[in-house]
Q: 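Structure incoming, see below.
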Number of protein chains: 2
Amino acid sequence: MTEGTPDRPPTRRPGGRNARVRARILAATAELVARDGIAGFRYEEVAETAGVHKTSVYRNWPDREDLVVEAMLRYAEDLASVADTGDIHRDLVDFLVALAGGLATPFGQTLEQALLPARQSTTLRQALGRILEERVAAMRVRVDAAVERGELPPVDSSFLGEMVSGPVHLVVNRGTRPFTRADADRIVGVVLAGIRATAPHA
Amino acid sequence: MTEGTPDRPPTRRPGGRNARVRARILAATAELVARDGIAGFRYEEVAETAGVHKTSVYRNWPDREDLVVEAMLRYAEDLASVADTGDIHRDLVDFLVALAGGLATPFGQTLEQALLPARQSTTLRQALGRILEERVAAMRVRVDAAVERGELPPVDSSFLGEMVSGPVHLVVNRGTRPFTRADADRIVGVVLAGIRATAPHA
DNA sequence: TCATAAAAGCGACAAAAAGTTGCTTTGAGT
DNA sequence: ACTCAAAGCAACTTTTTGTCGCTTTTATGA
């Protein structure tokens, strides 16, 4: 046997066309998962929407979940981060408005579609966890800072996060009425007042 | 033409076997939709789970959505209604605990699975609306009564409902930690305190 | 600029699931 | 006990999924 070929790994080609094709596929995937769900979207329709051949989708992502995960991570970057005004009420309202806006986009809908299936899939769960955590972290910093400067009593910032964003998800997902800045303001007002009122009066 | 046969509609047979078959199919549907979603569950697996032949499913419900809707409505009856203790805090905590429990069942999961698709389907949207409304109505009565007897300031009871149940959905759907009575107590405490604090001080 | 080969396009598949149809069998209601 | 609505059954078509071998394009490195 002529052991001449040292079977080096094929040189990747991440540039140019490949990148273009992959980007188009991921965009199409986000769009279709948003509409039809993880179990519901069809590879062939992804290919058509992306203007790409079916085999290009299958060969890049033989696994359905991997495709969805990568599409989610790709667009997670676009998360609108809100400014730090130094006023926690204002910051939270901005955060909720941005959240509501984000949930309405294909990317946000894809996240929602991934939520329930994540119970059964480790990869989905991890990806989702990473994205949400990142999103929450920025707000956690602001809350802790507000506590630091005495604007709020000591508070579990993840609890506060759940309290304000829970109702947003509910309203947006139900989709029967638009979520306005007034809604956000009312929610934040009640939660902050409630936290101040129930704090241990040192 | 011998117009002898007045083509009367076939006499229905809602009793006995038919009822049994339909019940089994609806139960299997709820179970599988809970796991795999509306787009994901398979007719054949429904049939197997129900111990029934495939055609019995197709002929009873040629339409996928109709099947899901009927399964939802069937089990909506089992909604645990909570007692009226006359103490709004207690009532709300009980409500949230029952809600969290209900969301964990196959029926609750089916509702969640139907939430996003409801955007695109009128039938789903109507069924879902009817079920949720019913659930909220009982609590609305208690809230209004609490306002009436001065336990709470005048408050939009559907807003209050969103405030307390929003976080519950969030925690249960994320599924990373169990939802306890302590969680419910904390949520209701903050929301009620916040509402009292932000009320127009007459 | 040119040669190489990675990766896309293409069409033809096989396999699985979805959905349909005609007939036979069962059993609820009269 | 008879009847016929509805379930069981099997064979079928259609649609969707996923794979394969080959040709064409084109990014990359010499």
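None of these values were measured; they are calculated from a predicted model. Reminder, nothing fancy here: chain letters follow the sequence lines and each chain counts from 1.
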Q: I need the CZ-P distance between R22(A) and dT26(D), as an integer number of Å.
A: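 R22(A) atom CZ is separated from dT26(D) atom P by 19 Å.
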Q: Side chain of R140(A), backbone of S157(A): donor and acceptor closer than 3.5 Å?
A: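 It does not hold such a pair.
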Q: Between side-chain atoms of residues 27-41 of chain A and protein atoms elsewhere (two or more places apart, or another chain), which donor-acceptor pairs fall under 3.5 Å?
A:
from	atom 1	to	atom 2	distance (Å)
T29(A)	OG1	I25(A)	O	2.8
R35(A)	NH2	E45(A)	OE1	3.3
R35(A)	NH2	E45(A)	OE2	3.0

Q: Any chance you could measure L67(B), atom CG, to M72(B), atom CE, to the nearest 0.5 Å?
A: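 Reported to 0.5 Å precision, the distance equals 10.5 Å.
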Q: Can you measure from OG (S56(B)) to CZ (R24(B)) and round to the nearest 0.5 angstrom?
A: 11.5 Å
Q: Could you work out how much the helix from dT1(C)-dA30(D) to dA28(C)-dT3(D) bends, comparing the axis of its first five pairs with that of its last five, to 10°?
A: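 One end axis against the other gives 40°.
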Q: Using whole Å, report how far CZ of R20(A) lies from P of dT28(D).
A: 10 Å
Q: Starting at CZ of R24(A) and ending at P of dA8(C), how long is that distance when rounded to a whole Å?
A: 13 Å
Q: Go through the side-chain N and O atoms of E151(B) and H89(B) and say whether any donor and acceptor fall under 3.5 Å apart.
A: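 On atom types as modelled, these side chains do not qualify, holding no pair under 3.5 Å.
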Q: Do R22(A) and W61(A) touch side chain to side chain, with heavy atoms closer than 4.5 Å?
A: yes
Q: Between V82(B) and M139(B), is any pair of side-chain heavy atoms under 4.5 Å apart?
A: yes
Q: I need a per-nucleotide contact map over nucleotides 9-17 of chain D, read 5' to 3'. Cutoff is protein heavy atoms under 4.0 Å; write B for the base, S for backbone only, - otherwise.
A: BB-----SB
